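Heavy atoms only: backbone and side chains are in, while hydrogens, waters and symmetry mates are out. Letters go in sequence order (proteins before strands), and every chain restarts at 1. All values derive from a computational prediction rather than experimental measurement.
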Amino acid sequence: MNHWLLKSEPEAYSIDDLAREGETIWDGIRNYQARNYLKSAAVGDRCFFYHSSADPLGIAGLCEVTETMVVDPTQFDPSSDYFDPKSRDAEPRWHTVRVKFVEKFARVLTLHELQAAFTGDELMVVRKGNRLSVMPVNEDAARRILELAAR
DNA sequence: GCCAACGTTGGC
DNA sequence: GCCAACGTTGGC
């Protein structure tokens, strides 16, 4: 089982939204590197749910991959912000995952705490200038994040 | 294939 | 609102 970190602006979709809905298709990824990471995810992988452009900023909870290689439906929806006119039904460009809610942390594990606990090499999200919305979290970092969140 | 211009993300 | 750090686009 691998761990990932998924960013979302809570104004658009928050951990509370996922808690209420139970599961969701992680749609709207339009960056190839992020997409490629999602393509390599497996059912059962755990994902840290990160609130970006928010207060507080940081990891708000945990979810789990329940389905992989899900065709992102928004790419074919002309009314969606994520509509991609270059994508074709027979050859969709954007695949993603379905995730289910696992837990909301008792408190947000803030970016500041993550920056204090990890170097950029240990955890991508604390790297300066990092903009990726999907990134891998190695097993040592994942274990330490869960320990910090449980404190 | 290069690269300048432009757009986006996201912390601060 | 600013701006660093990219990614994308399109002319050549």
Side-chain angles (χ1 to χ4, degrees), chain A residues 2-21 23-41 45-65 68-99 101-138 140-142 144-149 151:
Chain A
N2 290 312
H3 282 82
W4 307 91
L5 183 145
L6 306 178
K7 284 185 191 171
S8 179
E9 297 190 11
E11 218 166 282
Y13 196 85
S14 72
I15 189 77
D16 291 323
D17 293 321
L18 182 58
R20 190 175 57 248
E21 293 177 9
E23 63 168 21
T24 192
I25 292 176
W26 201 265
D27 61 16
I29 302 296
R30 293 294 179 273
N31 168 286
Y32 286 101
Q33 201 180 343
R35 182 205 66 180
N36 291 343
Y37 279 135
L38 279 186
K39 277 186 166 182
S40 67
D45 283 0
R46 292 282 172 105
C47 308
F48 294 106
F49 195 124
Y50 180 91
H51 282 177
S52 63
S53 299
D55 186 17
L57 249 192
I59 298 173
L62 198 58
C63 52
E64 182 177 317
V65 175
T68 61
M69 293 300 282
V70 177
V71 174
D72 185 336
T74 61
Q75 69 195 301
F76 301 123
D77 176 3
S79 70
S80 169
D81 286 346
Y82 303 116
F83 177 60
D84 183 350
K86 295 184 207 155
S87 196
R88 300 277 167 261
D89 280 2
E91 211 177 329
R93 291 187 164 199
W94 305 107
H95 290 83
T96 184
V97 295
R98 184 186 298 275
V99 295
F101 177 76
V102 174
E103 72 172 302
K104 178 182 176 180
F105 291 165
R107 60 186 186 84
V108 171
L109 185 54
T110 67
L111 179 59
H112 290 304
E113 291 174 86
L114 295 172
Q115 286 166 336
F118 296 96
T119 67
D121 287 339
E122 292 170 329
L123 186 65
M124 248 178 150
V125 76
V126 305
R127 228 174 264 175
K128 180 170 151 46
N130 158 78
R131 292 188 311 163
L132 260 191
S133 62
V134 177
M135 59 193 102
V137 176
N138 71 44
D140 182 57
R144 287 168 59 199
I145 289 170
L146 290 169
E147 283 172 10
L148 288 170
R151 275 218 301 248

Decide yes or no for [X] and [Y]: does some side-chain heavy atom of the first lie under 4.5 Å from some side-chain heavy atom of the second?
| X | Y | result |
| --- | --- | --- |
| A:R127 | A:M135 | no |
| A:H51 | A:P56 | no |
| A:V137 | A:V125 | no |

Seminar exercise, completed: Given the options A:R93, A:R30, A:R35, A:D72 meets salt bridge (charged side-chain N to carboxylate O under 4.0 Å, His left out) only with A:R30
For this session: Taking heavy atoms of chain A and a 4.0 Å limit, find me the 5'-most and 3'-most nucleotide of DNA chain C within that range.
Result: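 Going 5' to 3' along DNA chain C, contacts run C:dA4 to C:dT9.
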For this session: Kindly write out the residues that satisfy side chain to side chain contact (heavy atoms under 4.5 Å, CB included) with A:H95, not counting sequence neighbours, or none if the list is empty.
Result: A:K39, A:M69, A:V71, A:P92
Problem set entry | Those residues of residues 51-59 of chain A lying under 4.0 Å from DNA chain B by at least one heavy atom |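 Result for residues 51-59 of chain A: A:S52, A:S53, A:L57, sorted by number.
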For this session: For residues A:F49 and A:W4, establish whether the separation of their ring centroids is below 6.0 Å.
Result: no
For this session: Could you tell me whether A:E11 atom CD has more than 12 heavy atoms of other residues or ligands within 6.0 Å of it?
Result: no
